[in-house]
Amino acid sequence: MDSGFALRRAAQTDAVFLGDMLVEAANWRAGGLRPRHEVLMSSEHRRYLAGWQRAADDGLVATELGGVPVGAAWYRMLPQNAPGFGFVGVAVPELIIGVHPLWRARGVGRSLLRGLIQLAASQGHARISLSVERDNFARNLYRAEGFAVVAEGATRDTMARRTA
Ligand SMILES: CC(C)(COP(=O)(O)OP(=O)(O)OC[C@H]1O[C@@H](n2cnc3c(N)ncnc32)[C@H](O)[C@@H]1OP(=O)(O)O)[C@@H](O)C(=O)NCCC(=O)NCCS
């Protein structure tokens with residue numbers, strides 16, 4: 001069956017849409033309504049996108065067949081002295097994922113996740129990590145796709161997997 005979406009490599013010109021998806025990720029909880037500018041300016045979220053697309057940044061955008069973007073997953077390498085929530089080591093990229101609300105639960109997220117793992121492998125990254133709040137169902141998706149918890153925080157877990 002036609003899934004109704006396709007994946008393409010993220011480009012520098014996708015920065016605004018990636019910002020939209022970062023806001024979705026930050027506001028994942030029902031009723032989460034942090035305004036866009038507040039999320040994108042906050043120190044904890046800004047680091048995942050500021051200056052996109054840096055040399056080691058890479059990602060995928062899911063689009064409707066007409067080309068309209070509906071979701072994205074990307075990764076970025078953050079330094080040890082300014083790590084992300086999901087930092088596991090230098091040279092291990094951390095991923096971020098978001099799907100437009102109208103497109104959720106239709107396989108876009110799983111497809112983006114699988115594609116991003118392959119992309120990371122093709123770029124020579126042996127591992128990839130992420131951070132997820134413990135009550136976010138996305139945790140089950142990550143586990144089903146081979147991620148394991150490597151560190152537990154008070155409310156969020158760091159997960160990682162090998163790319164091959
Ligand atoms: C998490 C997210 C990226 C997943 O993308 P998606 O396109 O909705 O996911 P998929 O359709 O590929 O579904 C993946 C699995 O999650 C399950 N799932 C989807 N929506 C769900 C929901 N609301 N509650 C529980 N499970 C759900 C699906 O059933 C599927 O599992 P299954 O195939 O075994 O049934 C997307 O829902 C999203 O953007 N959420 C808000 C932002 C966010 O939480 N980002 C991650 C922060 S760490």
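Numbering of ligands and ligand atoms starts at 1, following listing order.
- Counting heavy atoms under 4.0 Å from ligand 1, residue L141 touches it through the side chain alone.
- Linking ILVMFWY residues whenever their side-chain heavy atoms come closer than 4.5 Å, directly or via other members, leaves I117 and V88 in distinct clusters.
- Heavy-atom proximity to atom 34 (O) of ligand 1, evaluated over M21, R139, R110, is greatest for R110.
- Residue V108 approaches ligand 1 through these ligand atoms, each under 4.0 Å from one of its heavy atoms: 7 (O), 12 (O).
- Ion pair R34/E44 flagged as a salt bridge, since at least one NZ, NE, NH1 or NH2 atom sits closer than 4.0 Å to an Asp/Glu carboxylate oxygen.
- The closest approach between S131 and ligand 1 falls below 4.0 Å for a heavy atom of the residue.
- Using modelled atom types, no side-chain atom of R29 and backbone atom of N136 make a donor-acceptor pair closer than 3.5 Å.
- Atom 18 (N) of ligand 1 has F137 CE1, 3.2 Å as its closest protein atom, hydrogens excluded (heavy atom only).
- Taking a cutoff of 4.0 Å between a charged side-chain nitrogen and a carboxylate oxygen, R143 and D157 do not qualify as a salt bridge.
- Cation-pi geometry between R139 and F147 is not met: the NZ or CZ atom fails to fall both under 6.0 Å from the ring centre and inside 45° of the normal.
- Not a single N or O atom of G98, backbone or side chain, sits closer than 3.5 Å to an N or O atom of ligand 1.
- Counting heavy atoms closer than 4.0 Å to ligand 1, residue N136 contributes side-chain atoms (C-beta onward) but none from N, CA, C or O.
- Of the protein's non-hydrogen atoms, the one nearest atom 45 (N) of ligand 1 is I97 O, 3.1 Å.
- Closest to atom 39 (O) of ligand 1, if we only count protein heavy atoms, is V99 N, 2.8 Å.
- Considering only non-hydrogen protein atoms, atom 8 (O) of ligand 1 sits nearest to A105 N, 2.9 Å.
- Across R156 and R134, no two heavy atoms sit closer than the pair O-NH2, 3.5 Å.
- Using a 4.0 Å cut-off to heavy atoms of A25, the atoms of ligand 1 that qualify are 42 (C), 43 (C), 45 (N).
- Atom CD in Q53 sits 12.0 Å away from atom CH2 in W74 (nearest 0.5 Å).
- Closest heavy-atom approach to atom 40 (N) of ligand 1 among the candidates E24, E133, R104, R114: R104.
- Looking only at heavy atoms of the protein, atom 10 (P) of ligand 1 is closest to G107 N, 3.7 Å.
- In this structure, atom 31 (O) of ligand 1 has a protein heavy-atom contact shorter than 4.0 Å.
- In this structure, atom 28 (C) of ligand 1 has its sub-4.0 angstrom surroundings free of protein heavy atoms.
- Clustering ILVMFWY residues whenever any of their side-chain heavy atoms sit less than 4.5 angstrom apart, transitively, puts L49 in the very cluster that holds V39.
- A salt bridge is absent between R47 and E94; no separation between the charged side-chain nitrogens and carboxylate oxygens falls under 4.0 Å.
- Here the heavy atom of the protein found nearest to atom 43 (C) of ligand 1 is W28 CB, 3.7 Å.
- One hydrophobic cluster, built from ILVMFWY side chains closer than 4.5 Å, holds both L113 and V132.
- Proximity to R106 (heavy-atom distance under 4.0 Å) selects the following atoms of ligand 1: 11 (O).
- Of the candidates A72, A138, G109, it is G109 that places a heavy atom closest to atom 7 (O) of ligand 1.
- Judged by distance alone, the side chain of W52 and the main-chain N or O of T13 form no donor-acceptor pair under 3.5 Å.
- Under the 4.0 Å distance rule, the nearest protein heavy atom to atom 2 (C) of ligand 1 falls outside the cut-off.
- Follow the hydrophobic side-chain contacts under 4.5 Å out from L130 and you reach L116 in the same cluster.
- Among the atoms of S111, none of the N or O lies under 3.5 angstrom from an N or O of ligand 1.
- Taking only nitrogen or oxygen atoms, main chain and side chain alike, Y142 does not reach within less than 3.5 Å of ligand 1.
- For R106 and F5, the positive end is not near the middle of the six-membered ring at less than 6.0 Å and at most 45° from its axis.
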